[in-house]
Amino acid sequence: MDIKQELIMNVAQKCFNSYGIKYTSIDDIVKECKISKSTFYKCFSTKENLVGEMLNYSSNKFLNQSTLIDEDNQKTPKEKLKEKIKIILDYLESNRYFNLHILGSFSEINGKPVEEIKSIIKSRLVKVYYDSLIEVYGKEIKPFIWELVFVIDSVIHEFDLIKRLNKKYMDKDYIFEVTLRQLELNIENLKHNKCIITENILYTVEKGNELKKDADLHERFLETAKDIKAKIENDNLNKRLNEAILEVEQEYKLKNYNSLMMDAMIAYLEKEQALKIEIDKLKSIKFQLGDDTIDRQ
């Protein structure tokens, strides 16, 4: 992220939160940034493009923070979950008004429906919940994992609402302890009772009366992989990148959507700046494919 791009996004978010996206002009943003309009257009083609990049930036920042927590071998799984709940609360607080303004200002951003963008962001959050719960409580919770994901997401959002309505500081350690208690009570109950939520219901996108089907995701995954191979060939990029995307396709065919090999190859491809857009798209689709994973460990 370029320093000027980051400055513009930070200033724009303050302006959007104060006046709304609709009533904030590019002139307002450049005036607050103390930069020229031409400098703005070197970074972002339009206000809509700026908003899209802000959404990507905040979502990717959250994912990076989550990854750093996972890589900290000094913390226990419960300590990692605690840290993730804290960054989720921070994410909700810092993006709340911005996201509301987006809904009131755009039906789509950079050609993509806003509801689809929201779905992708939500899917990333749900993935963090899912993986953390498995790490803390083990694979034996998989039969009722979606009930637990629903519980943790509901409790965190309820605390966020209470904070807003009461305008009162709430200790994040306290929020974590209450969340953990609710999870463990539900686990004990679900061990002896049939679960009701048997699939992820938190980020399905409705189109008219039709639910978005998994088949669409699989088709988009394969199309994106094909685009990556074409770009590697057309731009004469490192041949090892082509080997990496072929390995990704092989893991996909085995339904190893979350395997170490899949993640390693995507991380390798991600280092090539020319593939950034396609890799971001591939990662978003991968997160939505769920956890139908054949472990290679």
Side-chain angles (χ1 to χ4, degrees), residues 1-3 6 9 55-95 120-142 145 148-149 152-153 156 172-173 175-177 179-180 183 200 202-203 228 240-241 243-245 247-248 250-252 254-273 275-297:
M1 177 60 62
D2 182 272
I3 293 174
E6 193 166 1
M9 288 196 295
L55 281 170
N56 286 332
Y57 177 71
S58 62
S59 181
N60 288 334
K61 182 180 177 182
F62 166 75
L63 284 179
N64 290 336
Q65 288 175 318
S66 179
T67 300
L68 288 174
I69 292 170
D70 284 330
E71 292 173 351
D72 188 348
N73 295 323
Q74 302 301 313
K75 287 187 171 70
T76 66
K78 278 191 180 179
E79 288 172 336
K80 290 179 182 180
L81 177 59
K82 181 178 182 178
E83 292 301 311
K84 288 180 183 179
I85 287 175
K86 287 181 178 180
I87 64 170
I88 289 167
L89 286 164
D90 288 339
Y91 177 80
L92 292 175
E93 186 173 350
S94 61
N95 289 277
I120 291 170
I121 293 173
K122 184 68 175 182
S123 73
R124 293 174 175 179
L125 180 62
V126 169
K127 184 71 167 56
V128 169
Y129 289 145
Y130 187 106
D131 289 345
S132 297
L133 290 170
I134 295 292
E135 188 177 1
V136 172
Y137 298 108
K139 292 184 178 180
E140 57 268 26
I141 68 169
K142 277 196 172 184
I145 183 67
L148 299 180
V149 170
I152 191 171
D153 186 65
I156 290 173
K172 288 174 183 171
D173 288 339
I175 294 173
F176 172 72
E177 292 302 327
T179 305
L180 206 64
L183 286 170
N200 185 5
L202 288 172
Y203 61 89
I228 291 169
R240 289 185 178 179
L241 294 168
E243 293 172 9
I245 190 61
E247 190 66 44
V248 167
Q250 181 61 30
E251 291 297 289
Y252 163 81
L254 295 172
K255 296 185 178 180
N256 290 346
Y257 309 133
N258 300 315
S259 71
L260 293 175
M261 178 62 75
M262 172 81 85
D263 290 341
M265 291 300 99
I266 288 178
Y268 176 70
L269 289 160
E270 198 172 21
K271 292 178 182 178
E272 177 57 62
Q273 188 63 29
L275 298 175
K276 184 179 184 306
I277 294 174
E278 290 80 7
I279 295 301
D280 281 349
K281 183 178 178 182
L282 191 75
K283 285 167 64 180
S284 296
I285 299 168
K286 183 179 92 72
F287 279 125
Q288 295 178 77
L289 283 172
D291 197 60
D292 186 14
T293 305
I294 301 172
D295 292 325
R296 303 187 72 186
Q297 298 177 5

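The backbone N or O of Val128 lies less than 3.5 Å from a partner atom in the side chain of Ser132, making a donor-acceptor pair. Under the 3.5 Å distance criterion, the side-chain polar atoms of Glu79 are matched with a main-chain donor or acceptor of Thr76. Put simply, the side chain of Ser59 never gets that close to the backbone of Asn56: no donor and acceptor are under 3.5 Å apart.
Minimum interatomic distance between Ser66 and Ile87 (heavy atoms only, all atoms of both residues): N-CD1, 3.8 Å. Here the closest heavy-atom approach between residue Ile120 and residue Ser123 is recorded as O-OG, 2.6 Å. The two residues Tyr252 and Met262 make their nearest non-hydrogen contact at N-CE, 3.9 Å.
Using a 4.5 Å heavy-atom threshold, the side chains of Leu183 and Val136 count as separate. You'll find the side chain of Met265 stays beyond 4.5 Å of the side chain of Ile245, heavy atoms only. You'll find the side chain of Leu275 stays beyond 4.5 Å of the side chain of Glu270, heavy atoms only. No side-chain heavy atom of Leu148 sits less than 4.5 Å from a side-chain heavy atom of Tyr129. With a 4.5 Å cut-off on side-chain heavy atoms, Val248 and Met261 do not count as touching. Under the 4.5 Å side-chain criterion, counting only non-hydrogen atoms from C-beta, Tyr268 is in contact with Leu241.
Distance check, rounded to the nearest 0.5 Å: OG1 of Thr179 to CD1 of Ile152 gives 6.5 Å. Between the CG atom of Asp280 and the NZ atom of Lys283 there is a distance of 6.0 Å, given to the nearest 0.5 Å. Rounding to the nearest 0.5 Å gives a distance of 13.0 Å between CD1 of Ile88 and NZ of Lys86. For the atom pair Thr67 OG1 and Asn60 CG, the distance stands at 10.0 Å (nearest 0.5 Å). Atoms CD1 and OH, on Ile145 and Tyr130 in that order, are 5.5 Å from each other to the nearest 0.5 Å. Expressed to the nearest 0.5 Å, how far CG of Asp70 lies from NZ of Lys84 amounts to 3.5 Å.
Note on Asp153 versus Lys122: salt bridge recorded, some NZ/NE/NH1/NH2 to OD/OE distance being below 4.0 Å. Salt bridge Glu177/Lys82: absent, no basic N to carboxylate O contact under 4.0 Å.
Scored by the salt bridge (Lys or Arg N to Asp or Glu O under 4.0 Å) test, Glu135 finds Lys80 as partners (sequence neighbours excluded). Listed by chain and number, the residues in a salt bridge (Lys or Arg N to Asp or Glu O under 4.0 Å) with Lys172 are Asp90 (sequence neighbours excluded).
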Legend entry - Worked check of side-chain contact (heavy atoms from CB on, under 4.5 Å) between Asp263 and Lys286: CA-CA 10 Å; Asp263 290 341; Lys286 183 179 92 72; 2.9 Å; yes
Inset, instruction - Mind running side-chain hydrogen bond (donor to acceptor under 3.5 Å, both in side chains) on Tyr91 and Gln65 for me, showing each step along the way? - result: CA-CA 11 Å; Tyr91 177 80; Gln65 288 175 318; over 6 Å; no
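Residues Tyr257 and Glu251 bring no donor and acceptor atom of their side chains to less than 3.5 Å of each other.
Within 6.0 Å of CG in Leu68 there are more than 12 heavy atoms belonging to other residues, nucleotides or ligands.
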